[in-house]
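Computed from a predicted structure; not experimentally measured. Counting from 1, the numbers follow the sequence of the chain as shown. All heavy atoms count here, side chains included; hydrogens, waters and symmetry mates do not.
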Amino acid sequence: MIRHPLKLGMVGGGEGAFIGAVHRMAAALDGEWRLAAGAFSTDAGKNTRTGDLLGLDPARVYATYEALLAGEAALPAGERIDAVAIVTPNHLHAPVAIAALTAGFHVFCEKPMAMNGGEARAIAAAAQASGKQFALAFTYSGYPLVEEARARVARGDFGAIRLVQVEYIQGWLSGSLDAQGNKQAEWRTDPARAGLGGCLGDIGTHAFHLAELVSGLRVETLSAELATHLPGRRLDDDVSALLRFEGGARGTLKATQVAAGEENGLRLRIHGERGGLEWAQMEPNTLTLRWLDRPAEILRAGGPGLGDSTTPLLRTPAGHPEGYIEAFANLYRGFARLLRGDSAQVPGVADGLRTMAFVEAMIANAKADTKWTEIVTGERR
């Protein structure tokens with residue numbers, strides 16, 4: 001039986017955008033998806049040029065996301081798109097996602113899930129009511145050695161977890177790019193488009209999600225500091241937190257976009273009774289294991305010693321580096337499996353609600369005199 005690619009529509013990601021092109025590459029990598037339609041920009045010229053560049057039928061390059069949903073829903077079932085990828089600034093995540101789910105389309109959305117917890121809960125309700133899948137682009141969960149780390153913690157290799165340290169260090173906002181017309185910087189520092197947090201929502205959510213995913217533990221309470229280092233900047237560009245996990249583990253989280261000279265320094269360290277691990281996004285094909293009673297071990301992507309849940313995420317033999325696009329593609333491949341009725345672990349509604357609750361707890365704690373603030377969410381992964 002011929003296995004046809006699923007059809008994807010995209011909202012956002014037009015000419016000059018960064019993340020839309022990444023989504024398109026990732027979705028196409030395994031042949032599971034074919035871009036069939038889009039509403040790429042509210043600028044008519046950019047929208048048309050993007051559709052032309054991508055080789056789309058002009059009739060399926062729509063002026064608005066509302067037109068895209070209506071136009072595709074009117075097509076025969078075998079011709080219309082199966083899912084919508086939302087690659088817009090944060091303020092459009094909720095309206096587009098809710099409209100797409102209500103119209104009967106699955107959704108793959110950029111993170112954070114929404115502008116605030118209220119919007120996130122509205123998306124969750126729409127997903128439940130529609131019965132459609134909702135996935136979130138927590139890309140780093142797609143790396144093979146992140147899965148290896150998660151699996152080893154879960155099976156108890158290190159004993160009870162005591163320490164979780166995560167940091168996401170960037171430097172690209174060390175200058176006033178947002179005041180100089182840089183579009184990526186502009187919307188990320190604009191509360192009307194980014195939401196409650198700046199650095200916190202943009203990369204702090206990635207760090208938090210990774211820490212909980214790999215440790216297998218939920219943060220119960222946190223103590224936070226949010227800072228804005230550039231005069232006139234309206235959202236945080238530097239955040240820190242002490243974390244208290246269920247079971248007694250303690251942790252720290254650091255996320256900043258003003259560490260001048262730094263690139264994309266996402267790093268995770270977890271330690272238990274018998275040993276621990278370390279993984280860094282800029283060297284993603286290496287996982288270091290450290291032990292109390294024997295020498296350290298180095299695991300490599302494609303090399304020996306990897307578990308059964310890790311190897312399906314690999315595409316090339318050892319020594320052939322896989323990175324960001326491949327990790328992203330693992331999420332799109334998992335999303336396709338869900339739509340085809342198979343099982344897959346892909347970040348979704350529960351992860352979105354959890355990370356939005358983290359953002360709100362961080363902001364509430366930083367503004368208050370209370371030392372510890374609980375992360376309140378009724379959802380579990």
Side-chain angles (χ1 to χ4, degrees), residues 1-14 19-40 47 50-51 54-88 92-111 113 123-139 141-142 325 328-352:
M1 182 176 179
I2 297 175
R3 189 180 178 95
H4 294 288
L6 294 164
K7 293 177 285 296
L8 186 68
M10 181 168 283
V11 177
I19 202 65
V22 172
H23 275 257
R24 291 190 289 267
M25 287 186 281
L29 190 60
D30 294 306
E32 291 279 7
W33 293 94
R34 176 176 66 84
L35 185 69
F40 303 105
N47 193 40
T50 302
L54 296 173
L56 295 182
D57 178 350
R60 299 180 76 176
V61 178
Y62 300 89
T64 65
Y65 75 82
E66 296 95 337
L68 181 148
L69 297 175
E72 292 297 311
L75 294 174
E79 296 179 21
R80 70 174 70 115
I81 58 173
D82 297 289
V84 175
I86 303 172
V87 295
T88 65
L92 289 172
H93 290 184
V96 179
I98 292 169
L101 292 164
T102 303
F105 297 105
H106 304 282
V107 171
F108 192 109
C109 186
E110 256 304 318
K111 41 58 49 196
M113 188 177 186
I123 293 173
Q128 183 175 20
S130 69
K132 298 300 178 180
Q133 296 289 343
F134 177 87
L136 272 171
F138 281 111
T139 312
S141 65
I325 300 299
F328 219 129
N330 282 334
L331 300 192
Y332 265 103
R333 185 165 61 186
F335 188 46
R337 291 190 64 186
L338 292 178
L339 269 60
R340 296 185 191 279
D342 300 327
S343 62
Q345 295 297 317
V346 181
V349 167
D351 303 87

Parallel, tilted or perpendicular: ring planes of Phe335 versus Trp33, cut at 30 and 60 degrees: parallel

CA sep, side-chain torsions, deciding dist, call: Arg340, Glu32, salt bridge (charged side-chain N to carboxylate O under 4.0 Å, His left out): CA-CA 10 Å; Arg340 296 185 191 279; Glu32 291 279 7; 3.0 Å; yes

Residues, nucleotides or ligands: over 12 heavy atoms within 6.0 Å of Glu66 CD: yes

With a 4.5 Å cut-off on side-chain heavy atoms, are [Y] and [X] touching?
{"X": "Tyr65", "Y": "Ile86", "result": "no"}
{"X": "Phe105", "Y": "Ile81", "result": "yes"}
{"X": "Phe108", "Y": "Gln133", "result": "no"}
{"X": "Arg60", "Y": "Leu75", "result": "yes"}
{"X": "Ile123", "Y": "Ile98", "result": "yes"}
{"X": "Val11", "Y": "Val87", "result": "no"}

[atom1]/[X] to [atom2]/[Y] distance, rounded to the nearest 0.5 angstrom?
{"X": "Leu56", "Y": "Met10", "atom1": "CG", "atom2": "CE", "answer": "10.0 Å"}
{"X": "Ile19", "Y": "Arg24", "atom1": "CD1", "atom2": "CZ", "answer": "10.5 Å"}
{"X": "Asp351", "Y": "Ser141", "atom1": "CG", "atom2": "OG", "answer": "7.5 Å"}

Please answer whether the main-chain N or O of [Y] pairs with a side-chain N or O of [X] as donor and acceptor at a distance below 3.5 Å.
{"X": "Asn47", "Y": "Tyr62", "result": "yes"}
{"X": "Arg333", "Y": "Phe328", "result": "no"}
{"X": "Arg34", "Y": "Lys7", "result": "no"}
{"X": "Thr102", "Y": "Ala99", "result": "no"}
{"X": "His93", "Y": "Thr88", "result": "yes"}

Taking every non-hydrogen atom, the tightest pair across [X] and [Y]:
{"X": "Arg80", "Y": "Ala73", "value": "NH2-O, 3.4 Å"}
{"X": "Leu331", "Y": "Leu136", "value": "CD1-O, 4.1 Å"}
{"X": "Met25", "Y": "Ile325", "value": "CE-CD1, 3.9 Å"}
{"X": "Leu69", "Y": "Ala100", "value": "CD1-N, 3.7 Å"}
{"X": "Ala137", "Y": "Lys111", "value": "O-CG, 3.4 Å"}
{"X": "Ala135", "Y": "Val346", "value": "CB-CG1, 3.8 Å"}

Verdict with reasoning, Leu8 to Asp82, per side chain to side chain contact (heavy atoms under 4.5 Å, CB included): CA-CA 6 Å; Leu8 186 68; Asp82 297 289; over 6 Å; no

Side chain to side chain contact (heavy atoms under 4.5 Å, CB included) evaluation trace for Glu110 with His23: CA-CA 9 Å; Glu110 256 304 318; His23 275 257; 2.7 Å; yes

